[in-house]
Amino acid sequence: VIFRWWKISLRNEFRESRPGEIKESQEEFLDDSSLHIQIAVVFGAKVLEHVLSLCRGNYDFLERLPVPLLLYIISFLELEDIARLSQVSRRFEMICNSNALWENIVENLCDTITPEMKELAQEMGWKQFFFTNRIQLQLQLRRRRHKQDAQNKKLT
């Protein structure tokens, strides 16, 4: 662990001061409570906890994967697993409820998706579209067609 700091001041006596630096092994850092306090004061408790966690070997690689890759991976999970994953963190809740994920799931599970179905899904949300039964979807699509036909008649 390397901790560097710079003293910033308008006073002349500090103009020539060099940056400070402390280098410690992870084990030494875990035992250095005075350095923990300094890090917490400068960066906050969350950053300190994250650094301590890394030094203890607790790496959370899944949390740091890019969203497009997570969307791809999650789209292969069972629905129950997606529901459980959405409870892990705010980030996963947002991803598991995102239109992008549910659009992926619908496209993977459905044979054909017409442009009309896509429009309806974007209006109501892909997750809602997925969980709406087929009869209700057909009814909503029929209503949309009638509404569009009525609008087209008014224009002509």
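Just so it is clear, the structure is predicted and the values come from calculations on it, not from any experiment. What you see below is based on every heavy atom in this structure, not just the backbone, and it leaves out hydrogens, waters and symmetry mates.
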**Request:** List the atom of Leu71, the atom of Ser98, and the distance in Å for their closest heavy-atom pair.
**Result:** CD2-OG, 3.6 Å
**Prompt:** Can you find a heavy atom in the side chain of Phe129 that is under 4.5 Å from one in the side chain of Ile113?
**Reply:** no
**Item:** Heavy-atom pair of closest approach, residues Phe29 and Cys55
**Value:** CD2-SG, 3.6 Å
**Prompt:** With side chains defined as the heavy atoms from C-beta onward, is the minimum distance between Ile22 and Ile2 less than 4.5 Å?
**Reply:** no
**Asked** So do Leu35 and Glu24 actually touch side chain to side chain, heavy atoms under 4.5 Å?
**Response** yes
**Message:** Going by the rule salt bridge (Lys or Arg N to Asp or Glu O under 4.0 Å), which residues pair with Glu28 if we only count those two or more places apart in sequence or in a different chain?
**Reply:** none
**Asked** Between Leu65 and Ile73, is any pair of side-chain heavy atoms under 4.5 Å apart?
**Response** yes
**Prompt:** Taking 4.0 angstrom as the limit, do Glu27 and Arg56 come out as a salt bridge?
**Reply:** no
**Prompt:** Hey, mind stepping through Glu78 and Arg84 against salt bridge (Lys or Arg N to Asp or Glu O under 4.0 Å) and telling me if it holds?
**Reply:** CA-CA 10 Å; Glu78 298 293 327; Arg84 285 188 200 107; over 6 Å; no
**Prompt:** Which atoms form the tightest heavy-atom contact between Lys127 and Asn99, and what is the distance?
**Reply:** N-OD1, 4.3 Å
**Request:** Name all residues meeting the salt bridge (Lys or Arg N to Asp or Glu O under 4.0 Å) criterion together with Glu21; count only those two or more places apart in sequence or in a different chain, and write none if there are none.
**Result:** Arg4, Lys23
**Item:** Contact check, side chains of Gln140 and Arg144, non-hydrogen atoms, under 4.5 Å
**Value:** no
**Message:** When you compare the side chain of Lys118 with that of Glu107, does any pair of heavy atoms fall below 4.5 Å?
**Reply:** yes
**Item:** Main-chain N/O of His50 paired with Ser53 side-chain donor or acceptor, under 3.5 Å
**Value:** no
**Request:** Compute the ring centroids of Phe131 and Trp126, then answer whether they are less than 6.0 Å apart.
**Result:** no
**Item:** Contact check, side chains of Glu80 and Ile82, non-hydrogen atoms, under 4.5 Å
**Value:** no
**Side chain Asn97, main chain Glu93, donor-acceptor under 3.5 Å** = yes
**Asked** Would a 4.5 Å heavy-atom cut-off, applied to side chains only, mark Leu139 and Ile135 as touching?
**Response** no
